[in-house]
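These figures come from a predicted structure and were not determined experimentally.
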Amino acid sequence: MKTIGLIGGMSWESTAEYYRILNERTRERLGGLHSARCVLYSVDFAEIERLQVQGRWEEAGEVLADAARSLEAAGAELLLICTNTMHKVADPVQAAVSVPLLHLADTTAAAVRAAGLRRVGLLGTAFTMEQDFYRGRLAAGGLDVSVPGPEGRALVHRVIYEELCLGVVREESRAAYRRVVGELVAGGAEGIVLGCTEIELLIGPADSPVPLFPTARLHAEAAVDAALAP
């Protein structure tokens, strides 16, 4: 099995899920006491979040590129950025290393296509929902992507940063997310992309009338499959 390098900590709540899923998937594939070969570089999310808010994406990319170089030096043969939003700097991170970066949007688009769907609603941070770096990548993968209206986007973003990244899961927020999902479905969405790795901590299949695509799980499972490929 190739060694998987994780650029995590954004937030650590979802990075912990990555670690769990990587090991569960490895056990499914190999059986017995097998677990994933992986190394983790966990950044300080407060530093990254400050750079996001200030629009200093180039500097944030340098932080993640340094993490990627450290992971490659530690033996990583495949890299994951364990957050959707920071795929805004995926290109400079990939350029910093010689090992492949498995892009989260690509694994998500592949899963949606495999389910026979094309029209999806996207939930995530405001950066992910409103900017083209992620939506455009999904569209390039053959998907028709819609997002909530302004109020829905503000709600989804606030819950991520003020609750889920802090490990807070509230029933009121789950109900609010259900309403946003319902609006996207009413607008024609055939599936919902949970385009922030923390959202999987809040809602699941029972909260949506259409299939959900949990990006952290899809990303981690695809990483194990890639690490085990000949």
Side-chain angles (χ1 to χ4, degrees), residues 1-45 64 66-87 90 93-94 96-117 124 141 164-167 169 174 191-208 210-230:
M1 182 177 188
K2 298 182 183 72
T3 300
I4 301 168
L6 308 172
I7 305 175
M10 301 167 285
S11 67
W12 70 260
E13 298 282 349
S14 62
T15 301
E17 287 296 293
Y18 265 85
Y19 184 70
R20 181 179 61 81
I21 296 165
L22 286 173
N23 285 292
E24 288 178 349
R25 182 67 164 185
T26 301
R27 185 171 58 197
E28 287 175 11
R29 289 288 310 272
L30 300 180
L33 296 176
H34 285 288
S35 55
R37 293 183 182 272
C38 61
V39 288
L40 167 65
Y41 190 113
S42 189
V43 303
D44 180 359
F45 190 34
L64 267 59
D66 284 343
R69 282 188 284 264
S70 295
L71 289 169
E72 184 174 25
E77 300 164 275
L78 169 70
L79 295 183
L80 307 182
I81 300 174
C82 301
T83 164
N84 289 270
T85 297
M86 291 311 294
H87 277 72
V93 172
Q94 176 64 88
V97 294
S98 61
V99 297
L101 174 72
L102 185 62
H103 199 291
L104 200 158
D106 293 344
T107 61
T108 300
V112 174
R113 292 195 306 269
L117 306 180
L164 301 180
C165 287
L166 300 174
V169 176
R174 180 176 288 115
I192 303 295
V193 171
L194 305 185
C196 173
T197 52
E198 280 79 22
I199 295 177
E200 292 157 61
L201 305 175
L202 180 64
I203 63 173
D207 300 303
S208 173
V210 297
L212 297 180
F213 294 89
T215 55
R217 172 168 291 280
L218 294 171
H219 201 202
E221 291 180 348
V224 171
D225 293 344
L228 290 172

Worksheet item: CG/Leu202 to CG/Leu194 distance, rounded to the nearest 0.5 angstrom?
Response: 9.5 Å
Worksheet, complete the sentence: Tightest non-hydrogen contact, residues Leu79 and Ala68, listed as CD1-CB, 3.7 Å
Worksheet item: Just how far is it from atom CD1 of Ile4 to atom CG of Leu102, taken to the nearest 0.5 Å?
Response: 9.0 Å
Worksheet item: Ion pair present between Arg27 and Glu24, side-chain N to carboxylate O less than 4.0 angstrom?
Response: no
Worksheet item: Distance-only, no hydrogens or angles: does the Glu13 side chain make a donor-acceptor pair with backbone N or O of Leu164 under 3.5 Å?
Response: no
Discussion item. Using a 3.5 Å distance criterion without hydrogens, assess whether the side chain of Gln94 forms a donor-acceptor pair with backbone atoms of Leu101.
Written reply: yes
Worksheet item: What heavy-atom pair brings Gly9 and Phe45 nearest, and what distance separates the two atoms?
Response: O-CB, 3.2 Å
Which pairs of donor and acceptor atoms, one on a side chain in residues 30-40, lie under 3.5 Å apart (sequence neighbours left out)?
none

Item to complete: Output every pair passing side chain to side chain donor-acceptor pair (under 3.5 Å) with a member in residues 215-228, not counting sequence neighbours, ordered by first then second residue.
Response: Tyr18-His219, Arg25-Asp225, Arg29-Asp225, Asn84-Thr215, Arg217-Glu221
Worksheet item: Just wondering, do Leu117 and Pro211 contact through their side chains at under 4.5 Å, heavy atoms?
Response: yes
Discussion item. Minimum heavy-atom separation for Glu200 and Ala216, please, with both atom names.
Written reply: OE2-N, 2.8 Å
Discussion item. Any heavy-atom pair between the side chains of Ile192 and Val210 that's under 4.5 Å?
Written reply: yes
Worksheet item: Any salt bridge (charged side-chain N to carboxylate O under 4.0 Å, His left out) pairs touching residues 68-84, not counting sequence neighbours?
Response: Asp66-Arg69
Discussion item. I need the minimum non-hydrogen distance between Val224 and Leu22, along with the two atoms involved.
Written reply: CG2-O, 3.5 Å
Fill in: Close side-chain approach of Thr197 and Glu17, heavy atoms under 4.5 Å
no
Response to the item:
Separation between CE (Met10) and CD1 (Ile81), nearest 0.5 Å, reads 7.0 Å
Item to complete: Decide yes or no for Val93 and Met86: does some side-chain heavy atom of the first lie under 4.5 Å from some side-chain heavy atom of the second?
Response: no
Worksheet entry | Atom pair CG/CG of Leu104 and Leu218 - distance to nearest 0.5 Å | 8.0 Å
Fill in: Minimal non-hydrogen separation, Ala67 against Ile7, with atom names
CB-CG2, 4.1 Å
Discussion item. Working to the nearest 0.5 angstrom, can you tell me the gap between Ile203 CD1 and Arg174 CZ?
Written reply: 9.0 Å
Response to the item:
Smallest heavy-atom separation, Leu71 atom then Leu6 atom, equals CD1-O, 3.5 Å
